[in-house]
There are 2 protein chains.
Amino acid sequence: MARKRFDDSNCSVARALNQVGDWWSLLIVLHAMYGTRRFVDFQQELGIAKNILCDRLARLVDNGVLKKVDVGEHGSRFEYRLTEKGRDLFPVVIALRQWGDKWNPAPDEAPLDLRDRATGQPIQTVQVQNIEGDPVTVRDVFVSGDAVPGSKKDTA
Amino acid sequence: MARKRFDDSNCSVARALNQVGDWWSLLIVLHAMYGTRRFVDFQQELGIAKNILCDRLARLVDNGVLKKVDVGEHGSRFEYRLTEKGRDLFPVVIALRQWGDKWNPAPDEAPLDLRDRATGQPIQTVQVQNIEGDPVTVRDVFVSGDAVPGSKKDTA
DNA sequence: TAAATAGAGTTGCGTTAAGAGACCAAATTA
DNA sequence: TAATTTGGTCTCTTAACGCAACTCTATTTA
């Protein structure tokens, strides 16, 4: 978290990072995807300070990633649930998880094995695909409208 | 950027965020993917303070995301190039970009149109797929080895 | 050859945000 | 009624960010 914000950046990645680009926000979203909904559960699972958690949850709600639901049961009771916008971060989170599993594997532990409920099989590695479904790397793409596609990035 | 680090977390997402989870690092990687390699270019394109840029570049090099290459041409000259590990962040960056384009579109500007060099066609939306290639959402997956798959997260 | 410029940092300083822990209030449970 | 749970606020310390100025080397330019 820093001083400079990117709300008005013309780069959608920067704007996205503005909403979920700090350490905690994406972890909160991740845990929400795993089923966590309550303030105390987030706090205990993440080991985050309460004031920071308050701030992050409120910001995520403001940004429409989570919605705060009053559930009248026991204690002061609210639930933070993913919105469609929040659930739509699934590919981002999974891509990040797979990248972490690949390049920074836990020394002791096996990576989390996510499986499709329908087939019982592991999910695929998230990849960028072209129109035909073939995987493409950063070297295979160009920005449409660019002056000279391929002038710089093809040797990165 | 905060105090708490996650180097030893048993969550690969947390460990990944530890390496590229601050605002600047992913933007640096993004620009590197677009072809930026020089210190001054990063600085001007990102509008980042030089000391912060120094720190982030060094950290990304330490983490193996970038490599620092001495190019003996003019001036004190170095280039920061993506490693395979860095290039492997492509799906993460693209997924984030697409999420940003979808949920926080620029008021004036059209989203960046990335196209496949081979076909000239736009790339697909990044998605999580099951073994058969069908897209799955967060509600369609469970953690293998979990006690009761489907007990909590299917109503998130 | 001297001066100016550019690349890549480093250092110092003020501002802002993160983190820990204490405290608080409503609603529940015992 | 007392104790607990839940969700949140307050203060204080520390760390990170951002700016500007400075360094150092190599390369142009005059």
Side-chain angles (χ1 to χ4, degrees), chain A residues 1-9 14 17-28 31-32 35-63 66-81 152, chain B residues 1-9 14 17-28 31-32 35-63 66-81 152:
Chain A
M1 201 56 47
R3 188 136 31 116
K4 190 169 281 191
R5 308 308 291 262
F6 298 107
D7 306 274
D8 55 346
S9 172
L17 288 174
N18 208 32
Q19 301 200 348
V20 293
D22 64 297
W23 288 5
W24 290 121
S25 296
L26 254 194
L27 286 181
I28 290 172
H31 280 247
T36 304
R37 293 177 178 179
R38 308 298 293 269
F39 187 92
V40 283
D41 293 332
F42 281 115
Q43 206 211 327
Q44 288 173 2
E45 292 172 13
L46 294 169
I48 184 176
K50 294 170 81 174
N51 50 351
I52 306 299
L53 179 58
C54 273
D55 179 78
R56 286 312 115 83
L57 287 173
R59 186 179 302 172
L60 288 169
V61 169
D62 281 347
N63 289 334
L66 296 177
K67 57 175 178 285
K68 186 173 182 177
V69 180
D70 194 330
V71 293
E73 285 171 9
H74 40 278
S76 311
R77 66 242 100 203
F78 299 99
E79 284 189 358
Y80 295 89
R81 300 189 195 167
K152 298 171 68 182
Chain B
M1 199 57 49
R3 189 135 31 116
K4 189 169 281 191
R5 308 308 292 264
F6 298 107
D7 306 274
D8 56 347
S9 172
L17 289 174
N18 207 33
Q19 301 199 348
V20 293
D22 64 298
W23 287 5
W24 289 122
S25 296
L26 253 196
L27 287 180
I28 290 173
H31 280 248
T36 304
R37 292 177 180 178
R38 306 298 292 270
F39 186 93
V40 282
D41 294 332
F42 281 116
Q43 207 210 326
Q44 287 172 2
E45 292 172 13
L46 294 169
I48 184 177
K50 294 170 81 173
N51 51 349
I52 307 298
L53 179 58
C54 273
D55 180 77
R56 287 310 115 87
L57 287 174
R59 186 177 302 173
L60 288 170
V61 169
D62 281 346
N63 289 333
L66 296 177
K67 57 175 177 282
K68 186 173 182 176
V69 180
D70 194 330
V71 293
E73 285 171 9
H74 40 279
S76 310
R77 64 240 104 198
F78 299 99
E79 284 188 357
Y80 295 89
R81 301 188 195 168
K152 297 170 69 182

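Because the structure is a prediction, the values reported are computed rather than measured. Residue numbers begin at 1 in each chain, while the letters A, B, ... track the order of the sequences.
Under the side chain to side chain donor-acceptor pair (under 3.5 Å) criterion, Asp55(B) pairs with Arg59(B), not counting sequence neighbours.
Of all non-hydrogen atoms in Cys54(B) and Phe39(B), the two that sit nearest each other are SG-CE1, 3.7 Å.
Rounded to whole Å, atom P of dG19(C) lies 7 Å from atom CD1 of Ile48(A). Protein atom CG of Leu57(A) is 13 Å distant from nucleotide atom C1' of dT6(D), rounded to whole Å. Atom pair Arg56(B):CZ and dA8(C):P shows a separation of 19 Å (rounding to whole Å applied). The nearest whole Å value for the distance from the CG atom in Leu53(B) to the P atom in dG9(C) is 8 Å. For the pair Phe39(B) CZ and dC24(D) P, the interatomic distance rounds to 17 Å; values are reported in whole Å. What separates CZ of Phe78(B) from P of dA26(D) is a distance of 10 Å, to the nearest Å.
Proximity of Tyr80(B) to the phosphate of dG9(C): a side-chain N or O atom is located under 4.0 Å from OP1 or OP2. Side-chain nitrogen and oxygen atoms of Arg38(A) include none within less than 4.0 Å of the OP1 or OP2 phosphate oxygen of dT5(D).
The side chain of Cys54(B) sits closest to dT10(C) out of dT10(C), dT9(D), dG7(D). The side chain of Ile52(A) has dA18(C) as its nearest neighbour among dG7(D), dC19(D), dA18(C). For Lys68(A), the side-chain atoms get nearest to dG8(D) when compared with the rest of dC19(D), dG8(D), dG19(C).
Judged by distance alone, the side chain of Arg81(A) and the main-chain N or O of Arg37(A) form no donor-acceptor pair under 3.5 Å.
Heavy atoms of Asp55(B) sit nowhere under 4.0 angstrom from any nucleic acid atom.
Thr36(B) pairs in a side chain to side chain donor-acceptor pair (under 3.5 Å) with only one of the listed residues (Gln44(B), Gln43(B), Glu45(B)), which is Glu45(B).
Residue whose closest nucleotide on DNA chain C sits further toward the 5' end, between Val40(B) and Asn51(A): Val40(B).
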